[in-house]
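Just so it is clear, the values below take in all heavy atoms, side chains as well, and ignore hydrogens, waters and symmetry mates.
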4 protein chains.
Amino acid sequence: MNFASDNTAGVAPQVLEALVAANAGHAPSYGADPLTLAVRDRIREIFEAPSAAVYLVGTGTAANALACGLLTEPWGTVFCHRNAHIEEDECGAPEFYTGGAKLTLVEGDHGRIDPAALERAILHTGRGGVHNVQRGMVSLTNVTEAGTVYTPEALRELSGIAHSWGLPVHLDGARFANALATLGCTPAEASWKAGADVLCLGGTKNGCMGVEAVVIFDPDRGWEFELMRKRGGHLFSKHRFLAAQMLVWLAGDLWLDLARHANAMAARLSAGIAAVPGASLVHPTEANAVFAALPRAAHQRLQDAGAQYHLWPGDQSMKGPAEEPLAARLVCSWATTEAEIDTFLGHLQG
Amino acid sequence: MNFASDNTAGVAPQVLEALVAANAGHAPSYGADPLTLAVRDRIREIFEAPSAAVYLVGTGTAANALACGLLTEPWGTVFCHRNAHIEEDECGAPEFYTGGAKLTLVEGDHGRIDPAALERAILHTGRGGVHNVQRGMVSLTNVTEAGTVYTPEALRELSGIAHSWGLPVHLDGARFANALATLGCTPAEASWKAGADVLCLGGTKNGCMGVEAVVIFDPDRGWEFELMRKRGGHLFSKHRFLAAQMLVWLAGDLWLDLARHANAMAARLSAGIAAVPGASLVHPTEANAVFAALPRAAHQRLQDAGAQYHLWPGDQSMKGPAEEPLAARLVCSWATTEAEIDTFLGHLQG
Amino acid sequence: MNFASDNTAGVAPQVLEALVAANAGHAPSYGADPLTLAVRDRIREIFEAPSAAVYLVGTGTAANALACGLLTEPWGTVFCHRNAHIEEDECGAPEFYTGGAKLTLVEGDHGRIDPAALERAILHTGRGGVHNVQRGMVSLTNVTEAGTVYTPEALRELSGIAHSWGLPVHLDGARFANALATLGCTPAEASWKAGADVLCLGGTKNGCMGVEAVVIFDPDRGWEFELMRKRGGHLFSKHRFLAAQMLVWLAGDLWLDLARHANAMAARLSAGIAAVPGASLVHPTEANAVFAALPRAAHQRLQDAGAQYHLWPGDQSMKGPAEEPLAARLVCSWATTEAEIDTFLGHLQG
Amino acid sequence: MNFASDNTAGVAPQVLEALVAANAGHAPSYGADPLTLAVRDRIREIFEAPSAAVYLVGTGTAANALACGLLTEPWGTVFCHRNAHIEEDECGAPEFYTGGAKLTLVEGDHGRIDPAALERAILHTGRGGVHNVQRGMVSLTNVTEAGTVYTPEALRELSGIAHSWGLPVHLDGARFANALATLGCTPAEASWKAGADVLCLGGTKNGCMGVEAVVIFDPDRGWEFELMRKRGGHLFSKHRFLAAQMLVWLAGDLWLDLARHANAMAARLSAGIAAVPGASLVHPTEANAVFAALPRAAHQRLQDAGAQYHLWPGDQSMKGPAEEPLAARLVCSWATTEAEIDTFLGHLQG
């Protein structure tokens, strides 16, 4: 019963096999190997973006922070959701890689930026000329940090606002595959056709070992990104082992199959929770994460039974009335089983 | 009728005379001159802080940003009011000098931080261990950006919260003299006795040409500050001319006299506005700035008559219904005259 | 015939097996897994440093740059060899992670810092008080970038100079195992007993896939390092896969066996080259890299035959007299075979 | 007898009068005042650069560091003379404002960069692609730190090398007026016609109180500079007082007259020293600074007599044989008198 994160799961067997296969013989280092070129080409194909610049890094924080560093000046601000990963979970990495840009937090229900709030925030930022930080970029996340999914239309609306101000759009796609599995649209429709200028495509949370692709739809920015990546210590020497993971993951439908499984497990878990008296959903379950409010007593039972998950936000206390609900985040992955879920629900019902 | 800012005024005559007097002969550069030592000693005396480290810089932004750089690590966050000068008017200078720290915006009426909101913000920041930015420091401003004044008791409450979490307190005193003029307490009571670890004591807005003192009550941090100041390009070679300004300003009661005058002018302006039908105060007038909502038609009359001031916030538009009120900031200085105010009020009444 | 780098080789079979084994089931992310704890304990044991702080990252540049960020202030300077990896091959990563520290280049033959030159450089740096950058730290490299090896005595002499000035010592050990294989001393004798305050222990070049350990002998600096690592995007979520590599590598003598093999191959290659008329060694061969000057005609023959290696430095030109020697770097790895070397030597002889 | 620096002198009387005159009434702050516009226009006129962007700051370090920040990316390197002010006397300010760029030190006699050494350094920097820092910019200084003066031809040769590599050229002109006074050419001939893309035109050392102009000959970079200046805390609110200094200084020939005087004094001092047995010049005296080697005994006599100057470099010791020469820097200013020099020479002769 491990719902702590999709990154507590291991690596999908196909990915592991690909790593073993990639080990034969020597290969040029630092990304000049054939597998890296093949990943780049495969991503260009899948995304219908024949000239996109594609780079691999090892962590999602690196991908996001480097993308921000590419898209805004140090005196710019990044408009993002109040609960965006870049705001809450990266220890200031975007500030570091941008040279000290600000993050302007925008409100919106269920992890999705409210378009009117975005418009207001952008308008407000420019009021003071040289005295203010400048409008820098907009960062969106799909799947959101609340486990919800933006439709392409919703992304286009927000990107449209950004672009109307001349601001580039970063799309944090740490769970992009899960969003696609929900939406059923094409990768292009959920990224550049919806206004994303740079997509961080996450492999790690969805069956890979540690690889994220940064897809820059304007390839003229590629060289600058390469320098930033190297300077950040994120250019891997034995680069084929990043590439091998992502290549097999994207070669066929593996990435989507793994995501569909995770989403299906979350749907099962969500439906089960919703049916339990005293339990309720905090956000609609639209991908692979369930946000639910459970009575403190239920949490105690689940934790006693060994269930792994996080109270969310993390500053809630287990001390207090037994019937009072505390919110939790329950994340399913490619490795989650129906049995785990049913066991969890059993303990929840008490 | 210039109420645009207290920095549109010139230099008090006594300060100018001191600059002329300071020009005689050679003097050691970079702060080794006798005037700089005398300023340091005078500040120590006034503040009853015999070992404080004291440094001069040329702008308030430099003073504040360097103080933040001294007090927080790059991975820390600065808890400050949503409308603090360091957030709204310094183009990211605190982010620059801290190496990319975050500013966590705290709410509170009339420019004053609400203690409960500060406590919540500090608590919330620590929820995620290494994944979050860390609690860094608290920044207070007195006079606030809304023209209100914290009492020593109010400062102590906020500083007490900060210190209970081990966080140092920065006090932006760009208008510290104006606050003192209102409070009537001692400089020590409004600074270190109220919990400030570093005070930025502003001279520029109150009759000097361009000088701010950074008073570091823990002198062990002095050398680090000196290096940061030099590295920021803020160590003036002909340093005696910074010192001369501040020395005469602080030598007797000049600083307080100038501030009392500015505050008195603001009180006169505020009372006059409050008596005009259709006009109202946005914030209580407690120092040298008046925040008032005036009908658009009144703004038009005043602007036609040559009155200088800023709509506040700056993203309001002069286009719209004539009777609709727009908020404005009207700042009085040591140089403001009763005649200016009365002329202004005459045009306001229409 | 791939001598381009020790990072063009694949992963040692034992390491690959360990990765497969580590994949079973769920594991806590971000380094809270049992394998990470086991690596930490094993490193403490091997290094006779029971309280050392140990952290894993994915690249050598990350390890070095983070270590520099830990050991010097932004206004400090890093004393290092003119040809150190941190100077020549990291695209300014140390400058990035230190917040803009300087690197002061120190001379010395065959990649080793000359003690007298280090003393002079340190002395000179402090001449100007606040106007200069300050003395920050000393960075040593073993195996050096010239393929030579410092003895513990030589390290102690340089570290002694650093410590006499109060400067901490960073040891870039990207090829630390190769140095140990040459020296035959204990890990402690080649690190903290020789004055290293932080060791970057490289796994990648010597049979791992992508893992480096940063060993901080003063554990009080650990938390700061953790924040810097996260903020740099170098905290891996599926952390067990970093740990698994290094654990098997260090569990017995694997790391030393792999290094001994690489060194032996280099010795064979070096001896072969030295016996060829017109060829000569540029640096003594003391570990796994051979630096040799070969006639341009020999380079042409070798390249035609498919030999992979770099001219060193890289700004030499293949255009020019056939008999003129050009310097090259030839690196052996755990995967280098005697057959490769003998084929290379055959082509060299022409 | 104060030869410690040209910044130990006071302010020229005309400059002080201009400050007093500028104090009348209110003025728009932050550089929107008429004096600032007038300075801009006057600099455009003097430099025959009708569209140049012109900004004022308070210190030379700020001017230089901001210029570097404008001209190179963080992953670039600044090619400069080994003894350039940006390398030796700014505590890493260029590194700070560039976000961590490197300074690559180039050799050359008497403070002047050797063209062949510059060419080699630039060539060498690009050898390693993404692994190296990139070629960023070239920084020249006139008057050099050795008190020598580049001719326009010499500047053109170095700028030509820079531009052939696509690198912009920064000209540190802290003593630009002194260089002009020596050269007798036009300001344009010594700046943009000689290849400078950005000139830092120093007023402080030559009779002003604290003002330097940054002249950006490509005005498209102006807005970026404004943001960097504000973010660095270098945008003065009472900006008219910066402008007033420089306006009077440049209005007629004051700047050149002051510089001619300083240079003439240095020539007198230099000739006097050269005539003393046991004393010798270290660099040719071409502007307002004399670099001379004097016996330790002579230093003792001079210091006993109260002469102010610096041993140069500063890490020489007064302990040692009396007849051994130690090098010193002796700087003349607009305020130096013949009597001071003759007194100095009298003590020198013993």
* Structure fact -> Between A:Y97 and C:H234 the two heavy atoms that sit nearest each other are OH-NE2, 4.3 Å
* What option among C:N2, C:L242, C:T61, C:T8 has the most heavy-atom pairs under 4.5 Å with chain A? -> C:T8
* To do: Please name the residue in the list A:M1, A:E340, A:Q308 that meets the side-chain contact (heavy atoms from CB on, under 4.5 Å) test with C:H26.
  => A:E340
* Under a 4.5 Å heavy-atom cutoff, which of A:P13, A:A62, A:S29, A:A63 has the most pairs with chain C? -> A:S29
* **Aromatic plane relationship, A:F236 with C:F236 - under 30° parallel, 30 to 60° tilted, over 60° perpendicular** => perpendicular
* Heavy-atom side-chain proximity of A:L16 to C:V20 below 4.5 angstrom -> yes
* **Proximity breakdown for A:L66 and chain C, heavy-atom pairs closer than 4.5 Å** => neither
* To do: Give the minimum heavy-atom separation between A:T59 and C:G233, together with the two atoms involved.
  => OG1-O, 2.7 Å
* What residue, out of A:G58, A:G210, A:S5, has the most heavy-atom pairs lying under 4.5 Å from chain C? -> A:G58
* **Interchain contact, C:H239 with chain A, by part (heavy-atom threshold 4.5 Å)** => neither
* Best-contacting candidate, A:R240, A:E90, A:K238, against chain C by heavy atom pairs under 4.5 angstrom -> A:K238
* To do: Kindly say whether C:V11 contributes a backbone atom to a donor-acceptor pair with the side chain of A:N23 at under 3.5 angstrom?
  => yes
* Minimum-distance pair of heavy atoms, taken over all atoms of A:L19 and C:M209 -> CD2-CE, 4.1 Å
* To do: Check whether C:A65 gets within reach of chain A through its side chain, its backbone, both or neither, counting any heavy atom under 4.5 Å.
  => neither
* Could you tell me the separation between the CZ atom of C:R231 and the CZ atom of A:F96, rounded to the nearest 0.5 Å? => 6.5 Å
* Structure fact -> Whatever's closer than 4.5 Å to a heavy atom in chain C on A:A4 counts as neither
* Relative to chain C, which segment of A:Y30 carries a heavy atom at a distance below 4.5 Å: side chain, backbone, both, or neither? -> side chain
